[in-house]
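The next block holds one structure in the form of structure tokens; read it before the comments.
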Amino acid sequence: MLDVNFLRENPDKVKELLSRKGVDIKLVDKFTRVDGEWRQKTAALEQLKSEQNACTQSISSAGGKEEFIAKAQILKKRILEITEEHKLLDKKRDGILVNLPNVPFEDAPRGKDELENKTVREVGEKPVFDFEPRDYLDIAENLGIIDVKTAAKVSGSRFGYFMKEGVLMEMALSKMALEAALPHGFIPVIPPVMIRPEIYESIGRLASDQKEERYYMEKDDIYLVGSSEHTLIPLHLGQTLDESELPKRYIGFSTCFRREAGSYGKDTRGVLRVHQFNKVEFISFTRPDDSEREHRFLLSLQEELMQKLELPYRVVENCTGDMGWTDARQFDIEVWFPSQKKYRETHSCSNTTDFQARGMGTKYKTRDGKKEFVHTLNATAFSQRPIPALIENFQTKNGTVKLPKILAEYIGKDEIA
RNA sequence: GGAAGGGUGCCGGAGUGGUUAACGGAACGGUUUGCUAAACCGUGGCCGAGUUUUUCGGCCCGUGGGUUCGAAUCCCACCCCUUCCGCCA
């Protein structure tokens with residue numbers, strides 16, 4: 001959620017920044033208007049209530065005088081009316097507020113869509129093959145480590161069975177991420193994968209189009225999470241942390257559920273875009289002054305892991321138009337896929353500033369005793385997407401996969417044949 | 001799923017219709033002090049108005065409704081916690 005006071009004081013600034021994200025800025029004007037009405041109505045209502053309180057006091061001290069009771073009855077009626085109007089405005093105002101995304105940082109690269117993302121660096125050598133590299137799914141199906149055909153019959157499209165070394169690779173990646181994180185004080189967590197609507201909304205993950213992306217179970221009025229981030233961020237719901245505890249870091253493992261609405265026809269083949277996958281995620285709570293530094297730190301951890309896997313990747317800084325709803329700055333890591341001759345996104349790394357913390361009421365106490373909202377960050381440690389990347393980049397002429405050294409150690413063999 | 005009990009501030013905990021949330025503890029700030037301790041004083045959150053470093057007002061006792069001139073207190077619904085029973089990886 002955006003800061004209402006910031007919105008009131010800097011409507012033009014907010015409009016400017018949000019337009020970079022492609023938001024319809026009429027919403028901001030609408031907010032200003034509705035908020036003005038809301039404030040007037042609030043003042044009127046509070047005035048009446050103040051009179052009512054005074055009247056109530058007189059009744060109690062004067063021993064139930066008729067005249068005060070009569071006056072109180074009139075006040076009560078007016079208050080009821082005004083309260084109705086106020087509630088409507090309140091709802092309207094909140095409705096606008098939850099449909100405004102976080103503002104990007106001033107210096108975030110501007111652009112409309114992913115084509116305008118800024119490449120920060122390319123790392124690693126793209127593999128050179130003396131044969132035509134095959135698609136990961138061909139290889140994986142042949143080796144019996146991914147089965148989407150049976151999954152389609154059993155569960156539908158965009159599902160997959162991971163089997164044999166497919167499973168071992170996933171477990172190894174999770175273990176690698178965990179071992180890299182623990183020395184930096186990350187607390188490992190396996191969080192719930194279901195979340196209540198009101199919590200989901202207040203971390204900004206049910207806003208507008210995002211709602212379509214969520215699985216909802218009507219009978220229980222509960223959502224399935226799209227990432228462990230969604231139940232990790234509320235870990236400090238309503239809490240004030242001590243400055244000395246920050247940065248507070250977590251590494252979560254969970255299954256993630258996504259409807260992939262609106263991505264019809266995109267990556268329909270294989271397991272790059274599925275309804276259900278596992279992901280290890282980094283989360284940080286920081287002082288506002290430290291969030292940019294923490295952001296770079298999380299990115300460096302992600303890169304360290306990718307380098308250990310010897311995968312060729314590039315880091316892009318997402319332009320304003322391609323940034324996530326909650327993000328003020330976002331980086332993606334994209335890995336080279338030889339069969340597609342393209343970099344494909346496998347990681348993201350986001351600084352959401354105080355946007356989610358405000359909704360959660362997560363604050364920290366500064367050394368001079370003031371309370372301020374923390375900043376929150378989230379970054380992929382590993383999802384399942386690097387597995388297809390590994391299969392493609394380390395394939396051999398005869399259809400086997402020759403594993404990078406670190407994975408060979410974890411799995412106990414250096415080739416999937 | 002059934003039964004019973006419960007949810008009050010950072011914590012414990014009183015409060016069963018009449019403004020101001022008793023009392024105790026913790027933490028923080030201040031005074032005092034050679035230092036420490038003690039003692040004493042002060043300190044909740046959100047929101048609105050404004051003469052915007054001082055002030056006035058509203059709201060907050062799990063959540064949302066209701067009754068009433070007035071609700072932590074009475075009524076209804078829901079959520080959560082504890083214990084017991086049932087079921088269960």
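Here is the naming used below: chain letters follow the sequence lines, and residue numbers restart at 1 for every chain.
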Can you confirm whether or not the ring centre of H275(A) sits under 6.0 Å from the ring centre of F257(A)? no
Can you find a side chain N or O atom of R39(A) that sits less than 4.0 Å from OP1 or OP2 on A49(B)?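 Yes, because at least one side-chain N or O of R39(A) sits under 4.0 Å from OP1 or OP2 of A49(B).
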On the nucleotide G48(B), are OP1 or OP2 found under 4.0 Å from the side-chain N or O atoms that R8(A) carries? yes
In whole angstrom, give the distance that lies between atom [atom1] of [X] and atom [atom2] of [N].
X	N	atom1	atom2	answer
F373(A)	C46(B)	CZ	P	7 Å
N5(A)	G48(B)	CG	P	6 Å
K371(A)	G9(B)	NZ	P	13 Å
K77(A)	G70(B)	NZ	P	14 Å
E372(A)	G45(B)	CD	P	14 Å
M360(A)	C46(B)	CE	P	16 Å
I199(A)	C80(B)	CD1	C1'	12 Å
D35(A)	C47(B)	CG	C1'	12 Å

Can you check whether [Y]'s main-chain N or O pairs, donor with acceptor, with [X]'s side chain at less than 3.5 Å?
X	Y	value
H230(A)	G226(A)	yes
E245(A)	D242(A)	yes
R214(A)	R205(A)	yes
T42(A)	W38(A)	yes

Distance check, [atom1] atoms only: [N] and [M], in whole angstrom units.
N	M	atom1	value
C61(B)	G48(B)	C1'	23 Å
G5(B)	A77(B)	P	15 Å
U51(B)	G44(B)	P	25 Å

Contact state string [nucleotides 54-69 of chain B, B base, S sugar-phosphate only, - no protein heavy atom under 4.0 Å]: ---BSS-----S--BB
With sugar-phosphate meaning primed atoms plus P, OP1 and OP2, does R78(A) contact a base, only sugar-phosphate, or nothing at under 4.0 Å between heavy atoms?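 If one applies the 4.0 Å heavy-atom cut-off, R78(A) turns out to touch nothing in the nucleic acid.
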At 4.0 Å (heavy atoms only), tell me whether K363(A) reaches a base, stays on the sugar-phosphate, or touches nothing.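 If one applies the 4.0 Å heavy-atom cut-off, K363(A) turns out to touch the sugar-phosphate alone, with no base involved.
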Which word best sums up how the rings of F285(A) and H236(A) line up, parallel for under 30°, tilted for 30 to 60°, or perpendicular for over 60°? perpendicular
F331(A) and H295(A): side chain to side chain contact (heavy atoms under 4.5 Å, CB included), yes or no, with the steps? CA-CA 9 Å; F331(A) 295 104; H295(A) 198 189; 3.6 Å; yes
Quick check: closest heavy atoms across L182(A) and P188(A), and the distance to 0.1 Å? CD2-CG, 3.7 Å
Range-with-range stems for RNA chain B, at least three Watson-Crick or G-U pairs under 3.5 Å: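 Detected stem regions: B:1-7 with B:79-85, B:10-12 with B:23-25, B:27-31 with B:39-43, B:44-49 with B:55-60, B:62-66 with B:74-78.
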M323(A) CE to R20(A) CZ distance, which is reported to the nearest 0.5 Å: 10.0 Å
